[in-house]
Structures are given as C-alpha cells and as structure tokens.
Number of protein chains: 2
Amino acid sequence: MLGQTDACCPGLLTAPLDEDQATELAKVFKALGDPVRLRLLSMIASRAGGEVCVCDLTPAFDLSQPTISHHLKLLKQAGLIDSERRGTWVYYRLLPEMTDRLAGILTRPAGEPLPLAVETPAGAAS
Amino acid sequence: MLGQTDACCPGLLTAPLDEDQATELAKVFKALGDPVRLRLLSMIASRAGGEVCVCDLTPAFDLSQPTISHHLKLLKQAGLIDSERRGTWVYYRLLPEMTDRLAGILTRPAGEPLPLAVETPAGAAS
DNA sequence: AGCTTGCATCGATGAACATCAATGCAACGA
DNA sequence: TCGTTGCATTGATGTTCATCGATGCAAGCT
C-alpha cells in the first residue's frame, strides 16, 4: 500500500501535490489523526526490541479490546506497523520506512530562497 | 495552540506519548488527513513568495468556495497556516514551525540500538 | 476432547465530518 | 449611494468514524 510512488520524495512543501499523491498521503495522516492511535504507535515504536504484544497495549487504555484491535488494524493498513503471530500472542512492530517518509515529506529543503512575491492574484490583471 | 509544550521534541518514536500530547498532536495530523487540505497546504507552502491568495486556490478544486474556506479554516486552527487580509484579497502562508515540529516528531534519533527483545509479555511470567 | 486465553471480525449505534446552498460582510469602483 | 467582487459563516444533509457487545478462531493446557 502506497508503495514507492516514483515521485514520492520531493515532498509537500516544495511542489504542489497532485490528487493521487494527496489521497495516498491523507490515508496515512488520517491514521495518525487519533490520540489513541498515536499513543499506540509511540508505545510500539519506543519499545526496546521493537515489538509489543497486544496484551501489553490494551491495559494502557480505557477501551475495550476490540477497539484497540480496530485501531491497530488501521495503523497496519496505513503501512505504519506490521504484526506477527508467535504462539498465543500477536506482536506489533514499527515500519520505520513510513515514518521516515513522512518526516522527509514534512521537511523543508534547507533554506527557502523566498523569492519576491508576485502581487498579481487571479483576475487582477485588469 | 499546541504552543511549545516543554516535552515536545523527543518525539513519538522514542518514548510513549502521554494522553495530552497525543490529543494535541492528533488534532494536527487529523487536519492533514484529508487530500484537499494536503493539496491546499502544499500549494501554499510551495508558492514562491510564501503567500497565496484564496482566489488562486479555489479554481484548482471541483469544490465550492465555502468548502475551500472551511478546509483553510481547519488548517489554520491546526497551526499549520496563517492568513492576512490585504485590500480585497486574503493571503494564506505556511507556518513552518509546525511542519518542522512534525518532521522532528517523526524522525528517529539516528540508529536504534535495537536491544535484545524480552520475550515476556504481560501475564506470561508463570 | 474439553476448557481457557489472546486476539480479530461482525453488526449496530451515536458522534463527528465533508459538502453544499444561502447568507453576511468587507473592500473597491461607478 | 449603489452594485460588484472576494471571502467567511450558517444551517441542513449525507457519509464516515469511534466504540461497544457478541461472536469466531487459533493456540496452549488438562
């Protein structure tokens, strides 16, 4: 999902995003747009060893287990995490490629030259 | 909004986010979780001069002018952009502090040491 | 086999969101 | 003063989302 679009990296702040790129990116940001999912992601990402059992995540919230499972599914669909079953437990881990990519997209390319503004908005060229 | 929380910068991937931080951050990511708003933001950010008139943004979408105005309002409330009225027109510009902060939050602190995983999930210590 | 535990999926419900048409309002020109 | 243009706000409507209880299912234990 959202796998390496060829024009993925110049990033958001330098060139106007086309519709397809915006749609794909929005899915990922939407997945991050919930406090429960952000906390889940940070708990997974900051875990020593890189993996967390769901049984360690659930008790940190005042939410039912199906709800946590639902949020984890959305994070997984966004390409932010992956899961693996080992015996009785399911372990989640961060997919750092996606966070790296987002960070790159939100990073400004050093110092903007800030060229002079053109004071001629649409339709003002009377 | 969301102004410099003292513990803002260690960022998401190193330590578990507390509830308040997650709630504040989620508002910003939620604002980015829509393709129209992402395109609006990139059009504003990539503009030479750093400012765009609304009259230049609206025709790029198949949406009514009030809808564009609504999305711009959400981006502004998230602290991502700011606006200024000059004469007849309203100009929007990027607030790079917020995107910088998001980029920092999503950036991993160099190379994770990846310490050995502890194979003992909750309740498994029989 | 039968029971228990850990987790995912399904179906329903209430809240939040995106969108539009109508309206309001400021700034400029005739 | 009146009409026009550029943009924001309001109210209404259809859609999406978060959450839960119930259920399903795999793995391990007795």
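Labels below follow one simple rule: chain letters A, B, ... track the order of the sequence lines, proteins then strands, and each chain is numbered from 1.
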### Message
Return the CG to CG distance between B/Leu32 and A/Leu32, rounded to the nearest 0.5 Å.
### Response
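Answer for the CG-CG pair, B/Leu32 versus A/Leu32, is 9.0 Å.
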### Query
Taking the six-membered ring of A/Tyr91, is the NZ or CZ of A/Arg86 close enough (under 6.0 Å from the centre) and on axis enough (within 45°)?
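Yes, A/Arg86 lies over the aromatic ring of A/Tyr91.
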### Query
Quick one: side-chain contact (heavy atoms from CB on, under 4.5 Å) partners of B/Ser69, sequence neighbours excluded?
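Residues passing side-chain contact (heavy atoms from CB on, under 4.5 Å) with B/Ser69: B/Gln65.
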For [X], which contact category applies under a 4.0 Å heavy-atom criterion: base, sugar-phosphate, or nothing?
X       : value
B/Leu63 : sugar-phosphate
A/Phe61 : nothing
A/Leu57 : nothing

### Summary
Nucleotide by nucleotide, nucleotides 22-30 of chain D touches protein heavy atoms under 4.0 Å in the pattern (B base, S sugar-phosphate only, - none) B----SS--
### Message
Run the salt bridge (charged side-chain N to carboxylate O under 4.0 Å, His left out) test against B/Asp100 and tell me which residues pass, sequence neighbours left out.
### Response
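Not a single residue meets the salt bridge (charged side-chain N to carboxylate O under 4.0 Å, His left out) criterion with B/Asp100.
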### Which residues share a salt bridge (charged side-chain N to carboxylate O under 4.0 Å, His left out) with B/Asp82, sequence neighbours left out
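B/Asp82 satisfies salt bridge (charged side-chain N to carboxylate O under 4.0 Å, His left out) with B/Arg93 once adjacent residues are dropped.
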So, OP1 or OP2 of [N]: does either fall under 4.0 Å of a side-chain N or O from [X]?
X       : N      : answer
B/Ser69 : D/dA8  : yes
B/Tyr92 : D/dA8  : yes
B/Ser64 : C/dC20 : yes

### Message
Grouping I, L, V, M, F, W and Y whenever their side-chain heavy atoms are under 4.5 Å apart, do B/Leu74 and B/Leu38 come out in a common cluster?
### Response
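They do not share one cluster, since no chain of ILVMFWY contacts under 4.5 Å joins B/Leu74 to B/Leu38.
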### Query
Could you walk me through whether A/Ile44 and A/Leu80 pass the side-chain contact (heavy atoms from CB on, under 4.5 Å) check?
CA-CA 10 Å; A/Ile44 294 170; A/Leu80 287 160; over 6 Å; no
### Task
Sequence neighbours left out, what pairs pass side chain to side chain donor-acceptor pair (under 3.5 Å) with at least one residue falling in residues 30-41 of chain A?
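Those involving residues 30-41 of chain A are A/Arg37-A/His71.
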### Task
Let me know the distance between CG of B/Asp62 and C1' of C/dC20, rounded to the nearest Å.
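It works out to 14 Å between those atoms.
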### Task
Could you check how far CD1 of A/Ile68 sits from P of D/dG21, rounded to whole Å?
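A/Ile68 atom CD1 is separated from D/dG21 atom P by 13 Å.
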Provide a list of protein-nucleic acid N or O atom pairs under 3.5 angstrom, restricted to nucleotides 13-17 of chain D.
from	atom 1	to	atom 2	distance (Å)
D/dC17	OP1	A/Lys30	NZ	3.4

